[in-house]
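One structure is given below, encoded as structure tokens.
Residue numbers count from 1 along this sequence.
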Amino acid sequence: MIIKDIKINNFRSYYGNNHLSLSKGLTLVIGDNGDGKTTLFEALEWLFDTTGENRKDSHISEKRKSELEIGESDEVSVSITFEHDGEKEIEKRFTFERLSKDNIRTRDYKFVGYFIEGAERHSISGDRLLNMCFEPVIRKYCLFKGENELNVFDNETALKTLVDTFSGIRDFDKLVELTSSFEQSSARAANRELQNDKKVSNQAKELNTQLNDVTNDIQSIKTELTQKRISISDFAAKLEALEKNQETSERYQAIKERIKGLKDKRAKLSALSSCDYSTNLLDEYWILRSFPAIIKEFSKKVSALSKEKRRLDKQETERRAKEAGEREAISKIQKLANDAVPLPWNLPDEATMKEMIDDEICKVCGRPAPKGSEAHEFMCNKLNEYLSHIAAEANKNSSKEVDEKPLFPNSFIDELLSRQIKLSGDTEQEISSIATTISDRLEFITKRKAELAEVEKQLQELETEQNDLLMQSGLSAELLDKSISDLRGFFDAKSRAESRVSELETTLKFKESARAEIQEKLSQLEPTSSMTQVYQRVHTAFERITKSFSNAKEQNINNFLQMLETESNKYLQKLNKNDFYGIIRIRKTINNSARIELYSDNGTRIENPNGALKTTMYMSVLFAISQITTLKREQDYPLIFDAPTSSFGGFKEDTFYNVIDTIDKQCVIVTKDLLNIDKTTGQKALDFDTINKLSCSVYRIEKVEPFNDKDLSTIQTVVKPIR
């Protein structure tokens, strides 16, 4: 199967129709993060999935979906055209339709295949055509996402699948099963005839009893031996991991202890930096924190008021004393100015004066006083003087009443002064101490919070370092948590298991030797019946045939692994041109799976090869499997990788792609390699210096700009052929 074209329509970011033509060798699809590399890979995964009707709303292009009006529809489809005994095509598609603003319906799922026969193009079920041309067991070795999925032996059934697929061992399985059944049947028949033969009956029964006992013992020993070997393998793997990562484990434990110490410190600082401000505000009188300043201001104002009151009191006293002295002086002057005693001010009274004015006569002396005369004017003046005197007297009396009231009739200022005196002294000192306590407490809390923030920062850095350590080592926290006692325990347990295996192997050899002797004695019995002798010879023949097929099966597996090793090492050498690469060894494990290991030429196992070497090691095995497929099955298939070289450096990348370009194998690599920062624009640009050295097909995929980085419906991947 050689893929010629890939067509993607409205699959996620691949809006509309998109097309890639693949070469028979290497095809590079280059894109930056988020440009649609993984989406391209997953579109092929979806196409090759034959597990059932697997249409998903998440497969629909958000951009195309956003354009649909109610009632409109379109299709999601992925198809490939490929060469396999002629040109063929498979296509998977479904329709999506907008029913309302928020409702999209999918329908009409189809998985169709097409092939050309003569001049006509015929259709067939897509999964049937795919399985005919690209078997499911082969598809397991086609698509690989990232570096972590390259190890085909991560699956315990991988070796059996590979051996069954490529080595023809299934035929041996059937033959071993068939001959074993014949051998058991013939053994039962021969034993039955021997026990019925009068001459050897007793001997046969005794030997069969011994044989059954020994066979049961052998089976029990083999069961325990298998369990112990699995335990030894498990202990060895754990010890290997612990020993290989002893430095990592010690570093992990040191980080863990520091994290524990920081967490304890964080808990203490959290307790010390906590404060119930609401409770302290009233219960602890924290509300009085600002009162010392208020008391000082209050005392200052009260002192000023008291001083001002005393000043005004003194001024008023002086004014009153002065007025009293002036009145006394006037009274003395009036008496001395005239020897005669003046009439009282109220004689004659107001009524008498008005009556005389109205009658125009002075009723005191009896003289007439007509209007306009001096006498009449005199009486009018006298009346005015009287009225003025009355008004003056009234004012005088009123002023006297006012003067008699105190200037400050209340004692408010005195009360304030008394309160100020009480608030000063011990009370002021007590309130000041509250402010000091609050200030000290807040300062303490602030310092603890600063320390807490620093601890949080250190803790975050340590936890990041711890996570990085786990990721880099590839080990679990549980494994790194193993202490020295655990390590010693593994050694002791492994040592005990190995001693027990040695004992069991010795016992097994003894039991198998005993069984062989018993079987030999059974075969040497000379029964009377010639038919019984025939049964014996038939059983012996089937026993030897069964052993031969079992040995052939084991040899077939070993031969396949040796062939896989040989082919893998050829590719390992090519992929690591001008660099160290070592030797690949593929070891059969106790659970009948396999493990890929790398060795130095001097026989030393390379425990932890760097990322690039490990990647090329696994890829070499994949290329070798593909090569064996071509040889054994006369079929070819593409290898499709999504970002397999993330651990490579620039020089390693160049060498790797140059080598892959020369391998006669269809290979599609989706990668962000061969993109460099353009110093003038700051944008990613293709590394044409490297690309121009290659002969392969090259595509550039990238997002259409501009786009809204928060709106998926604005994202569209475009495919641009470079070469």
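Nearest heavy-atom pair, C142 versus P638, reported as atom, atom and distance to 0.1 Å: SG-O, 3.3 Å. Closest non-hydrogen pair, T615 versus P644, comes out as CG2-O, 3.2 Å. Between G582 and L598, the shortest heavy-atom distance links the atoms C-CD1, 4.2 Å. Across all non-hydrogen atoms, the minimal contact from L269 to E451 is CD2-OE1, 3.3 Å. Nearest heavy-atom pair across K37 and G31 is CD-O, 3.0 Å. In terms of heavy-atom proximity, F580 sits nearest to L613 at O-CD1, 3.9 Å.
The closest donor-acceptor contact from the side chain of S502 to the backbone of E498 lies at 3.5 Å or more, if one exists at all. Remark: the backbone N or O of D35 is paired with a side-chain donor or acceptor of T717 at under 3.5 angstrom. Checking side-chain atoms of Y14 against main-chain N and O of G36 turns up a donor-acceptor pair under 3.5 Å. In this structure a side-chain-to-backbone donor-acceptor pair under 3.5 Å is present from N569 to I584. In this structure, the side chain of K63 does not engage the main chain of S13 through any donor-acceptor pair within 3.5 Å. T714 places a side-chain N or O within donor-acceptor distance of the main-chain N or O of N708, the cut-off being under 3.5 Å. Within the 3.5 Å criterion, the main-chain N or O of L572 finds a donor-acceptor partner in the side chain of S620. S270 contributes a side-chain N or O that, together with a main-chain N or O of R266, makes up a donor-acceptor pair within less than 3.5 Å. In this structure, the side chain of E597 does not engage the main chain of R585 through any donor-acceptor pair within 3.5 Å.
Side-chain contact between L143 and F48 is present, with heavy atoms from C-beta onward closer than 4.5 Å. With a 4.5 Å cut-off on side-chain heavy atoms, N10 and I60 do not count as touching. Side-chain contact between L674 and L686 is absent, with no heavy-atom pair separated by less than 4.5 Å. No side-chain heavy atom of Q562 sits under 4.5 Å from any side-chain heavy atom of N558. Q716 has its side chain out of reach of K703: every pair of non-hydrogen atoms, C-beta onward, lies at least 4.5 Å apart. Counting heavy atoms from C-beta on, the side chains of L28 and L694 come closer than 4.5 Å. Looking only at side-chain heavy atoms (C-beta outward), M619 and Y571 stay at 4.5 Å or farther from each other. I6 has its side chain out of reach of Y699: every pair of non-hydrogen atoms, C-beta onward, lies at least 4.5 Å apart.
Here L262 contributes atom CG and I255 contributes atom CD1; the two are 11.5 Å apart, rounded to the nearest 0.5 Å. Here CG of L575 is found 15.0 Å from OH of Y618. Values are rounded to the nearest 0.5 Å. Interatomic distance, CD1 of I586 versus CZ of F560, reported as 8.0 Å (0.5 Å rounding). Distance check, rounded to the nearest 0.5 Å: SG of C667 to OH of Y657 gives 9.5 Å. In this structure, the separation between CD1 on I640 and CG on L44 is 5.0 Å, given to the nearest 0.5 Å. One distance of note links CG of N676 with OG1 of T690; it measures 7.5 Å at 0.5 Å rounding.
Ion pair E505/K509 not flagged as a salt bridge, since none of the NZ, NE, NH1 or NH2 atoms sits closer than 4.0 Å to an Asp/Glu carboxylate oxygen. A salt bridge links K260 to D264: at least one charged side-chain nitrogen sits closer than 4.0 Å to a carboxylate oxygen. Using a 4.0 Å cut-off between charged nitrogen and carboxylate oxygen, R12 and E42 count as a salt-bridge pair. Using a 4.0 Å cut-off between a side-chain N of Lys or Arg and a carboxylate O of Asp or Glu, R500 and E503 qualify as a salt bridge.
Taking the six-membered ring where tryptophan is involved, the planes of F11 and W46 are tilted, since the angle between them lies from 30° to 60°.
Under the 6.0 Å distance and 45° angle rule, K449 does not count as a cation-pi partner of F444.
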Trace of the side chain to side chain contact (heavy atoms under 4.5 Å, CB included) decision for E702 with D32: CA-CA 7 Å; E702 57 186 335; D32 202 3; over 6 Å; no
I660/F641 under side chain to side chain contact (heavy atoms under 4.5 Å, CB included): CA gap, chis, key distance, verdict: CA-CA 12 Å; I660 292 287; F641 300 98; over 6 Å; no
Full working for side chain to side chain contact (heavy atoms under 4.5 Å, CB included) between D687 and L675: CA-CA 6 Å; D687 179 6; L675 281 176; over 6 Å; no
Test log, rule side chain to side chain contact (heavy atoms under 4.5 Å, CB included), inputs N33 and K672: CA-CA 7 Å; N33 292 335; K672 67 177 180 180; 3.5 Å; yes
Check against salt bridge (charged side-chain N to carboxylate O under 4.0 Å, His left out), K457 and E454: CA-CA 5 Å; K457 180 182 176 183; E454 182 61 27; 5.0 Å; no
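With a 6.0 Å radius and a threshold of 12 heavy atoms from other residues, nucleotides or ligands, K65 has its NZ atom above the threshold.
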